[in-house]
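Both counts, for ligands and for their atoms, begin at 1 and track the order of listing.
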Amino acid sequence: MGVCVITGGAGGMGIAIARMQGKEHNLLLVDVSQVKLDAALETLREDGIQAAAAVCDISDRGCVQALAERAAAMGEISAVIHTAGLSPTMASAPRIVQVNALGTYYIIEEFFKVMGEGSSMVTVASLATHMMARNAGESIHAVVDHPDDPDFEKRLNQLIDGMAVAGNTPAAGVAYSVSKYFSWRYTRRNALRFWSKGIRINCVTPGNIATPMGKAEEAGCARTAAHMAIKRYGTPEEIAAAVVFLTSAAAGDTTGADLPVDGGFCCCTTFPQVGV
Ligand SMILES: NC(=O)c1ccc[n+]([C@@H]2O[C@H](COP(=O)([O-])OP(=O)(O)OC[C@H]3O[C@@H](n4cnc5c(N)ncnc54)[C@H](O)[C@@H]3O)[C@@H](O)[C@H]2O)c1
């Protein structure tokens, strides 16, 4: 059985993904919280699923490097599923940048070193990405396309502060959109490089999902639901099913793709809908 690494493995989506991947993989659940990991392992045990666990703050590159080495030592890595993240009600703008943007960068870079032919990675972005993608121009790309710049974190924070002032909006919300946009775009910018090693890399874009995070963002979810065809919370199992498909052989010709699981938000805000 190949190794399946799930970051944010103790979170709402992480556990649902572990349940679906657990029967056919050697699981490594990764989370910043030992308490949450213990509870997740117990939940999975009750379902007959065994998993190893690793505490790791993904915003610490040394920690992510050690994590990648540990995963590789467990056996051949077949999938890396990166769900760990923070939402605007959970953290300040600078912390959101560290976890959602830098954390994703470290996961992609460090696991690229240890993943091999036939494996695949899936990252989790957000519908906020699509709103950003429509408005992002050169000034944003000049920052988000250079994560290897030693000043990347500083420049990202400056960009976010400027956008928050200009839009008269809270910096944490802007940080979430910009950091998820980076994550989405960097995932897709890596399709060619990853395939040089025979690895696929894709992205899932959730809408409003019924997890602790989704419920904490109720006001924002109500605003975005107005632009969806399917005006309900998606389930963590619907995200897990999309992730399982993208990591499976059935998606063997799919890389650099974004699979929205968003009630039609991306579609309805892009294409003039018939009958409206
Ligand atoms: N729930 C939604 O409605 C929704 C919508 C769009 C996008 N998302 C994204 O989906 C992903 C999963 O969200 P969820 O709903 O399962 O949330 P969740 O809060 O249930 O799970 C996220 C997990 O990430 C972990 N985490 C946070 N910071 C970390 C760090 N520094 N290092 C390692 N782990 C860390 C948390 O402890 C938590 O267990 C997130 O990236 C989120 O931004 C969620």
Side-chain angles (χ1 to χ4, degrees), residues 5-19 28-41 43 53-64 66-68 80-92 94-107 110 122-132 172-173 175-184 187 203-225 228 232-240 242-243 258-263 265-266:
V5 180
I6 306 174
T7 76
M13 291 181 198
I15 293 177
I17 294 163
R19 275 204 187 93
L28 178 59
L29 296 198
V30 180
D31 210 281
V32 72
S33 161
Q34 178 75 64
V35 174
K36 286 183 73 179
L37 273 175
D38 289 343
L41 289 189
T43 304
V55 174
C56 174
D57 177 351
I58 60 156
S59 69
D60 176 340
R61 187 159 191 167
C63 197
V64 175
L67 174 72
V80 175
I81 299 156
H82 171 44
T83 82
L86 292 172
S87 69
T89 55
M90 293 169 152
S92 65
R95 185 64 187 146
I96 289 170
V97 163
Q98 285 173 350
V99 174
N100 293 5
L102 292 164
T104 300
Y105 177 56
Y106 300 154
I107 294 285
E110 296 302 330
V122 176
T123 63
V124 175
S126 160
L127 54 69
T129 290
H130 294 293
M131 297 191 270
M132 274 291 300
Y176 185 76
S177 299
V178 170
S179 64
K180 286 292 180 181
Y181 181 63
F182 163 76
S183 169
W184 177 81
T187 296
C203 181
V204 166
T205 311
N208 299 331
I209 309 299
T211 64
M213 182 188 288
K215 295 292 185 187
E217 301 292 331
E218 209 169 355
C221 287
R223 279 195 299 277
T224 48
M228 290 173 181
R232 63 162 170 85
Y233 276 93
T235 66
E237 290 72 28
E238 287 165 333
I239 297 291
V243 167
D258 168 31
L259 177 47
V261 182
D262 66 352
F265 177 88
C266 174

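- At the top of the distance list for atom 3 (O) of ligand 1, counting protein heavy atoms only, stands Ile209 N, 2.9 Å.
- Of the protein's non-hydrogen atoms, Gly85 O, 3.7 Å is the one closest to atom 27 (C) of ligand 1.
- Considering every non-hydrogen atom in both Ala10 and Ile15, the closest pair reads O-CD1, 3.7 Å.
- If you look at Tyr176 next to ligand 1, the close heavy atoms, those under 4.0 Å, all belong to the side chain.
- Residue Asn208 has no nitrogen or oxygen atom sitting less than 3.5 Å from a nitrogen or oxygen atom of ligand 1, judged on distance alone.
- For Asp57 and Arg95, the salt-bridge test passes: some basic side-chain N is under 4.0 Å from an acidic carboxylate O.
- For atom 1 (N) of ligand 1, the closest non-hydrogen atom of the protein is Thr211 OG1, 2.9 Å.
- What sits closest to atom 4 (C) of ligand 1 on the protein, heavy atoms only, is Met13 CE, 3.9 Å.
- By the 3.5 Å distance cut-off applied to N or O atoms, Leu86 is not counted among the residues near ligand 1.
- Remark: minimum distance from atom 5 (C) of ligand 1 to any protein heavy atom is reached at Gly207 O, 3.0 Å.
- Annotation: Gly11 places an N or O atom under 3.5 Å from an N or O atom of ligand 1; distance criterion only.
- The atoms of ligand 1 that sit less than 4.0 Å from any heavy atom of Lys36 are 36 (C), 37 (O), 38 (C), 39 (O).
- Here the shortest heavy-atom pairing between Pro236 and Thr211 reads CG-CG2, 3.9 Å.
- Taking a cut-off of under 4.0 Å to the non-hydrogen atoms of Ala10, the atoms of ligand 1 that pass are 39 (O).
- Counting heavy atoms closer than 4.0 Å to ligand 1, residue Val32 contributes atoms from both its backbone and its side chain.
- At a heavy-atom distance under 4.0 Å, only side-chain atoms of Arg95, from C-beta outward, approach ligand 1.
- Asp38 CG to Ser33 OG: the interatomic distance, rounded to the nearest 0.5 Å, is 8.0 Å.
- To the nearest 0.5 Å, atoms CG (Asp258) and OG1 (Thr187) are separated by 9.5 Å.
- Per-residue contacts place Val124 under 4.0 angstrom from the following atoms of ligand 1 (heavy atoms of the residue considered): 9 (C), 10 (O), 11 (C).
- From the protein, the heavy atom lying nearest to atom 7 (C) of ligand 1 is Ala125 O, 3.2 Å.
- Pairing each heavy atom of Ser59 with each of Tyr106, the nearest pair is O-CE1, 3.4 Å.
- Annotation: Pro212 places no N or O atom under 3.5 Å from an N or O atom of ligand 1; distance criterion only.
- Atom 42 (C) of ligand 1 has Met213 SD, 3.3 Å as its closest protein atom, hydrogens excluded (heavy atom only).
- Residue Ala18 comes nearest to Leu29 through the heavy atom pair CB-CD2, 3.9 Å, listed as atom of the first residue, atom of the second, then distance.
- Scanning all heavy atoms of the two residues, the minimum distance from Ile58 to Ala84 falls at CD1-CB, 3.9 Å.
- The shortest N or O to N or O distance between Ser33 and ligand 1 is not under 3.5 Å.
- Nearest protein neighbour of atom 40 (C) of ligand 1, counting heavy atoms only, is Thr83 O, 3.1 Å.
- With rounding to the nearest 0.5 angstrom, the CE atom of Met213 is 6.5 Å from the CG atom of Leu86.
- When all heavy atoms of Lys180 and Thr129 are compared, the closest pair comes out as O-OG1, 3.4 Å.
- For ligand 1, the polar-atom distance check against Cys56 finds a nitrogen or oxygen pair separated by under 3.5 Å.
- Between atom CG of residue Leu259 and atom CD1 of residue Ile239 there is a gap of 8.5 Å, rounded to the nearest 0.5 Å.
- The side chain of Met90, and not its backbone, has at least one atom closer than 4.0 Å to an atom of ligand 1 (non-hydrogen atoms only; side chain from C-beta on).
- Remark: ligand 1 and Leu127 share no N or O pair separated by less than 3.5 Å (distance only, no angle test).
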